[in-house]
Amino acid sequence: MSIPLLYTIRSVRARWASNLIAVLGIAGVVAVFVAMMAMARGFQRTLVESGSPMNAIVTRGGATTEMESVVTLEQEKIIADAAGVARSADGRPLVSGEVVVVTAFHHKRTNSDALAQVRGVSEDALRVHDGVHIVRGRFLRPGLAELVAGKNASDMYTGFQLGDTPRFGGRTWTVVGIMDSGGSAFDSEVWADAVVLNQTYKRPADIFSSVTVRLTSPAAFSAFKSALSADPRLTVQADRERDYYAKQSGAVSTMIRVLGFLVAFIMGIGAVFGAFNTMYSAVSARSREIATLRALGFRPGSVVLAFLAESMVISLAGGLLGCLAALPFNGLTTDALNWQTFSQLAFAFRVTPGLLAWGLAFALFMGFWGGLLPSIRAARLPIATALREL
Amino acid sequence: MVRVDGKGNTGALVQVRSLDKTYQRGSQEVHVLRGLNLDVERGEFVAFMGPSGSGKTTLLNLLGGLDLPSRGSITVDGDEITHLSGPKLAAWRARHVGFVFQMYNLLPVLTAFQNVELPLLLTRLGKADRRRHVEIALDLVGLSDRLDHYPRQLSGGQEQRVSIARAVVADPTFLLCDEPTGDLDRKSAGEVMALLERLSAEFGKTILMVTHDPRAAERAGTVLHLEKGELVEGQGGS
């Protein structure tokens, strides 16, 4: 039988002051790790949730973002008639030809200019993007210089509250509505009428960046996609909207993740040494106790296990504390430049149960490596001499 | 009967033959024990005396399987222990040896009950049986009202009695006591010795004890002296 866990837990408690250093070290690493991962997760989820499973986005063949894509009005008509496209009650295809312009607005938090995405949409935009709701004011009217601001854009930039009249692209606009898309990327955008936006930026009126269509069902996507590729008049590609946005989140969320792992790894090495130090001092302070247990007949393996367990208990306490410290980050909104769209994206940290579990696993991992050598040392103490140590 | 001439009968509980223990101190070899022989019959109470550095504790460590000899053999109850390795030796100690140390060596984070229970965790006994054994052992040493006390809440004499309860609880083949009264005042030392004497006389326990204290030694049936690594018989107290 092994050395009772009670001994381990009570020993941790009895030496709480010196264990606290190791606990705090591990807690710090876990908190940073979980927070960074929550940031990456939040960034990714914000973009992925922008896509609806019912929607497909059509861009020029080979384009990786709407920014570098061109779809003509003529192509839009053909796309609207393709198989799998849903129609409204009055028989109109649910299609939104959209134009994307990136322009600089005054960013309140940094008190400098930041790039924002202005999306020109069709009057059916809300029916296609069914996750977007007007929470204040109304939707824009076609042909007018009216804007609907995403709730995060409205908070992020100066002059985008309801009723404000911001000036950009050489004309003055009126904010007539605030929209909420439930935390997706649209919340960071400002929407205008596609035709007016094209005119303002002196673009041809019959050109879109992309066309988003509502499908009759998620399963209708393959029929829709094959219809487009079979048509010789089209040189476009169709993606599920979700996949498109997931790809958009790739670069930045991967960067945050890599950075998170790197920071956690470097801090983790420090924490492992902290645990190592704590456990070594625990072993040397308790060598007489260890020798007594060995003299009573507990095997060397039991001693290794008892001290590893002790290190794990300490690291678990650190992990729990770190997770607790990371929890307040959940839901905290911040914004960062999305390199793929060259525009600012507001997103919320997402501390998920899965991430917390990873944080705890990371803590135990550190505890294991910090405790291993001291535990082996404990098991190898010469019993006869250690028994008489004071 | 205790013999130190290596000619004891083959049925003796403890048989030590030509035992050598040498330590390397720098470039120097220190011979702590030289060709030591010892036979102890079951139920005997033997005290080892001798000046500091005479090898008393070394001998006790070797008898208890805490250290290995340089040469020679130790056989206890028919098992030769000098060839056993770490985990096997640990299992042997758990089964056959009850230790009583000068500094009691109780685990400070465990109660008297839990300290005494430790050796039983290495047996097949279930929880209820363990509880019964611990209660009997603590009752035997007169501490049945101190089950839930921590070592820091006990006096030195009480701590040593708990450690004696721990030593006897699993009913080992013999008890090895290393200066059991060395850290106690005269009154507590008297109580501890009376307890050991009772374990020997009443329960037939085999006890091997190292001591500096002539008062303690005179309670033993046989007193052996270690001089320059060899055992000398029957000179009474020192």
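Numbered from 1 within each chain, the chains take letters A, B, ... in sequence-line order.
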With A/R109, which residues qualify under salt bridge (Lys or Arg N to Asp or Glu O under 4.0 Å), at least two apart?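 Checked A/R109 against salt bridge (Lys or Arg N to Asp or Glu O under 4.0 Å); matches are A/D335.
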
Side chain, backbone, both or neither: which part of B/E117 has a heavy atom under 4.5 Å from chain A?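 It is neither, since no heavy atom gets under 4.5 Å.
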
Which bit of B/T58 is near chain A, if near means a heavy-atom gap under 4.5 Å: side chain, backbone, both or neither?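 Answer is neither: B/T58 stays 4.5 Å or more from chain A.
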
Give, for atom [atom1] of [X] and atom [atom2] of [Y], the distance between the pair rounded to the nearest 0.5 Å.
X      : Y      : atom1 : atom2 : answer
B/N61  : A/L387 : CG    : CG    : 7.0 Å
A/S302 : B/L122 : OG    : CG    : 7.5 Å
B/L110 : A/Y7   : CG    : OH    : 7.5 Å
A/I383 : B/L89  : CD1   : CG    : 7.5 Å

Part of residues 264-278 of chain A lying next to chain B, heavy-atom separation under 4.5 Å: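 The residues closer than 4.5 Å to chain B amount to none at all.
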
When only heavy atoms count and the cut-off is under 4.5 Å, which of residues 24-35 of chain A reach chain B?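 If one takes a 4.5 Å heavy-atom cut-off, no residue of residues 24-35 of chain A lies near chain B.
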
Would you sort out whether A/L296 and B/R166 count as a side chain to side chain contact (heavy atoms under 4.5 Å, CB included), showing the intermediate values? CA-CA 9 Å; A/L296 292 181; B/R166 180 179 66 185; 4.0 Å; yes

Please determine whether the number of non-hydrogen atoms from other residues, nucleotides or ligands lying under 6.0 Å from atom [atom1] of [X] exceeds 12.
X      : atom1 : value
A/F365 : CZ    : no
B/Q24  : CD    : yes
B/W92  : CH2   : yes

Among the listed options A/T292, A/I9, A/L6, the residue most often paired with chain B at heavy-atom distances under 4.5 Å: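 Top option by heavy-atom pairs under 4.5 Å: A/T292.
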
Student check: side-chain heavy atoms of B/D67 and A/P382 closer than 4.5 Å: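 No - every pair of side-chain heavy atoms lies 4.5 Å or more apart.
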
Taking all non-hydrogen atoms of both residues into account, name the closest pair between A/R288 and B/M103 and its distance.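 Of all heavy-atom pairs spanning A/R288 and B/M103, the closest is NH1-CB, 3.1 Å.
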
Would you name the heavy atoms of B/A90 and A/F298 that are closest together and state the gap between them?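 So the minimum-distance heavy-atom pair works out to CB-O, 4.1 Å.
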
Any donor-acceptor pair under 3.5 Å from B/R95 side chain to A/G297 backbone: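 Flag not set: sc B/R95 to bb A/G297 has no pair under 3.5 Å.
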
Checking A/A14 against chain B: side chain, backbone, both or neither under 4.5 Å from a heavy atom?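 A/A14 touches chain B through side-chain heavy atoms alone.
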
Could you list the residues that satisfy side chain to side chain donor-acceptor pair (under 3.5 Å) with A/T385, not counting sequence neighbours?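 For A/T385, no residue satisfies side chain to side chain donor-acceptor pair (under 3.5 Å) once neighbours in sequence are set aside.
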
Side chain to side chain contact (heavy atoms under 4.5 Å, CB included), that's the test. Do A/R286 and B/V109 meet it? Break it down for me. CA-CA 11 Å; A/R286 301 219 306 272; B/V109 296; over 6 Å; no

Looking at B/P172, B/A94, B/A91, which one has more heavy-atom pairs under 4.5 Å with chain A than the rest?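 Most heavy-atom pairs under 4.5 Å with chain A: B/A94.
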
